[in-house]
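Here the structure comes first, spelled out in structure tokens, and everything after it is commentary.
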Amino acid sequence: MCGRCVIMREGAIIRRCCAYHPCKSEEAKTDDTSPQLPRWYQGGDSSYQPSYNVCPRDNLPVLLSSDQPHVCDGEGPEERVLQMMQWGLIPSWHKGAPQEFAYVLNNCRSESLMDKASFRNAFNRGYRCVVPIDGFYEWQSVSGQKQPQYIQSVEKESMLMLAGIFDIHRQTPDSNPKYTVTLITTDAHAEFSQIHHRMPAVLQGIEQVADWLDFRRVDEKQAYNLIMPTAGLAWYAVGPSVSNVYYKGEDCVLPRKVEVKEKPKGVTLDNFFKKTPVKRKLEDSRSVKRLKDEIDKE
């Protein structure tokens, strides 16, 4: 799945990574066809903080079409905006305070996107978004232990553009809206399946990003077809510090050499003495004596 991610770049660099070509239709908002940058919505750049360990319930930057109803504020001609949202979807139909919602919906299985009410309502409204990240973590089973792996694009200078959906929750009609987002996952690509059987839905290229965001031109069925396993990922083992949700340090992504430990064999008299160094005192000589006495009696 995808329960931790990394967004280490500064806000200005994220804008450049999310550059797009303006719409060329008759309704285009600008005649300039050179690459454009999204603007930060409602001062989101001031609250954004890079992190090497973004966890569910943390805030992260989300790329949206400026045609989204809540964004149509006339602040600028940009066709896309970056907005800070909380990771972990809270459906609009939830009654009560956001913190009272019992589930942490940081992931949405693609198979559930059009079926589960938690996701279907937002998807049918066109609440589609893209979450730009530098990479994400996954825990791989190695010799019976969980080893965290850091996964990124094979083109390290590129950010991964993850498909997501968002929703808008209001505790009361007059309360301030709370924007939350979930990341869509799909079956893992064959080359990634050695790490995990699921992976986030990575959009490939500026055209797929444009199609996913353009909820007016691209309907739900067309958008759903963009969700598929993708290749082009690279990974390496990292240390255990990433398992601490409160730790956000840079060393979370430092490579770590993994030593494969052999499973201990059953205890016999022979391998008991092999495991004991000659120059080390026996920790429990009495148990060794009892073991010898039992053998002598046989």
Side-chain angles (χ1 to χ4, degrees), residues 1-7 40-44 46-49 51-65 68-71 73 81-133 136-139 160-186 196-201 212-213 215 220 223-224 227 242-248:
M1 305 295 276
C2 185
R4 303 286 178 84
C5 62
V6 175
I7 310 176
W40 283 97
Y41 177 67
Q42 291 186 340
S46 61
S47 61
Y48 165 69
Q49 293 291 332
S51 174
Y52 290 86
N53 192 10
V54 183
C55 306
R57 292 196 173 97
D58 287 347
N59 290 328
L60 73 179
V62 174
L63 185 66
L64 307 168
S65 166
Q68 291 291 348
H70 76 276
V71 181
D73 51 15
V81 298
L82 283 163
Q83 179 179 353
M84 297 299 294
M85 294 189 183
Q86 179 178 295
W87 186 11
L89 194 82
I90 300 175
S92 58
W93 47 258
H94 168 62
K95 305 297 183 183
Q99 61 270 23
E100 295 173 354
F101 189 62
Y103 306 99
V104 182
L105 302 179
N106 54 295
N107 288 159
C108 164
R109 297 174 67 94
S110 58
E111 302 89 332
S112 304
L113 188 57
M114 302 177 74
D115 297 328
K116 273 194 173 183
S118 299
F119 309 123
R120 182 184 63 241
N121 295 345
F123 186 60
N124 289 342
R125 289 193 186 106
Y127 288 176
R128 305 198 299 258
C129 61
V130 171
V131 180
I133 67 171
F136 63 98
Y137 300 103
E138 194 55 79
W139 278 255
L160 296 173
M161 299 293 172
L162 306 186
I165 55 174
F166 70 95
D167 211 340
I168 308 171
H169 176 266
R170 287 182 172 86
Q171 186 172 350
T172 66
D174 299 328
S175 61
N176 292 328
K178 186 173 186 62
Y179 299 92
T180 58
V181 61
T182 186
L183 300 178
I184 300 171
T185 66
T186 184
H196 200 275
H197 66 283
R198 303 285 297 182
M199 67 180 296
W212 181 256
L213 291 178
F215 64 96
E220 296 86 41
Y224 186 81
I227 305 301
V242 67
S243 299
N244 183 350
V245 297
Y246 300 105
Y247 189 72
K248 313 291 185 181

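Leu63 is not listed as a side-chain neighbour of Gln83, based on a closest heavy-atom distance of 4.5 Å or more. Between Arg198 and Ser110 there is a side-chain heavy-atom pair separated by less than 4.5 Å. With contacts defined as side-chain heavy-atom distances shorter than 4.5 Å, the pair Asn106/Cys2 does not qualify. Between Trp87 and Asn59, every side-chain heavy-atom pair lies at or beyond the 4.5 Å cut-off. Residues Trp40 and Val81 have side chains not in contact (no heavy-atom distance under 4.5 Å, counting atoms from C-beta outward). Between Val131 and Leu60 the shortest side-chain heavy-atom distance falls below 4.5 Å. With a 4.5 Å cut-off on side-chain heavy atoms, Gln42 and Val71 do not count as touching. Contact annotation: the side chain of Arg170 never approaches that of Lys178 to less than 4.5 Å [non-hydrogen atoms, C-beta and beyond].
Using a 4.0 Å cut-off between charged side-chain N and carboxylate O, Lys248 and Asp58 make a salt bridge.
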TODO: Start with the C-alpha distance between Thr186 and Met199, add both sets of side-chain angles, then the distance that settles side chain to side chain contact (heavy atoms under 4.5 Å, CB included), and finish with yes or no.
DONE: CA-CA 6 Å; Thr186 184; Met199 67 180 296; 4.0 Å; yes
Task: ring-ring contact (aromatic ring centres under 6.0 Å, His included) between Tyr179 and His169, worked out - done: CA-CA 7 Å; Tyr179 299 92; His169 176 266; over 10 Å; no
Task: Verdict with supporting geometry, Ile168 and Tyr127, side chain to side chain contact (heavy atoms under 4.5 Å, CB included) - done: CA-CA 9 Å; Ile168 308 171; Tyr127 288 176; 4.1 Å; yes
- [ ] Test side chain to side chain contact (heavy atoms under 4.5 Å, CB included) on Leu89 and Val181 and set out the steps.
- [x] CA-CA 5 Å; Leu89 194 82; Val181 61; 5.6 Å; no
TODO: Step by step, work out the side chain to side chain contact (heavy atoms under 4.5 Å, CB included) result for Phe136 and Val6.
DONE: CA-CA 6 Å; Phe136 63 98; Val6 175; over 6 Å; no
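Between the side chain of Arg109 and the main chain of Thr185, no donor-acceptor pair closer than 3.5 Å is present. In this structure a side-chain-to-backbone donor-acceptor pair under 3.5 Å is present from Arg120 to Asp115. Between the side chain of Asn53 and the backbone N or O of Asn244 there is at least one donor-acceptor pair closer than 3.5 Å. Side-chain N or O atoms of Arg128 include one that pairs as donor or acceptor with a backbone N or O of Trp212 at under 3.5 Å. Between the side chain of Thr172 and the main chain of Ser175, a donor-acceptor pair closer than 3.5 Å is present. Thr180 contributes no side-chain N or O that, together with a main-chain N or O of Gln86, makes up a donor-acceptor pair within less than 3.5 Å.
Distance check: Asp167 CG to Ser92 OG gives 4.0 Å after rounding to the nearest 0.5 Å. Cys5 SG to Tyr137 OH: the interatomic distance, rounded to the nearest 0.5 Å, is 9.0 Å. Note that the NE2 atom of His197 and the CD atom of Glu138 stand 9.0 Å from one another [nearest 0.5 Å]. For the atom pair CD of Gln68 and CG of Leu213, the computed distance is 8.5 Å after rounding to the nearest 0.5 Å. Here Ser46 contributes atom OG and Met84 contributes atom CE; the two are 9.5 Å apart, rounded to the nearest 0.5 Å. The OG atom of Ser118 lies 9.0 Å from the CD1 atom of Ile165; values are rounded to the nearest 0.5 Å.
Among all heavy-atom pairs drawn from Gln171 and Pro98, the shortest one is OE1-CD, 4.1 Å. Between Leu64 and Cys129 the shortest heavy-atom distance is CD2-CB, 3.4 Å. Heavy atoms only, all atoms of each residue included: Ala163 and Ile227 are closest at CB-CD1, 3.7 Å.
Ring-plane geometry between Trp93 and Phe101 is classed as perpendicular, the angle between the planes exceeding 60 degrees on a 0 to 90 degree scale with a lower cut at 30.
If you look at Phe166 and His70, their ring centroids are closer than 6.0 Å.
For Tyr247, the OH atom counts as densely surrounded, since its 6.0 Å shell holds more than 12 non-hydrogen atoms of other residues, nucleotides or ligands.
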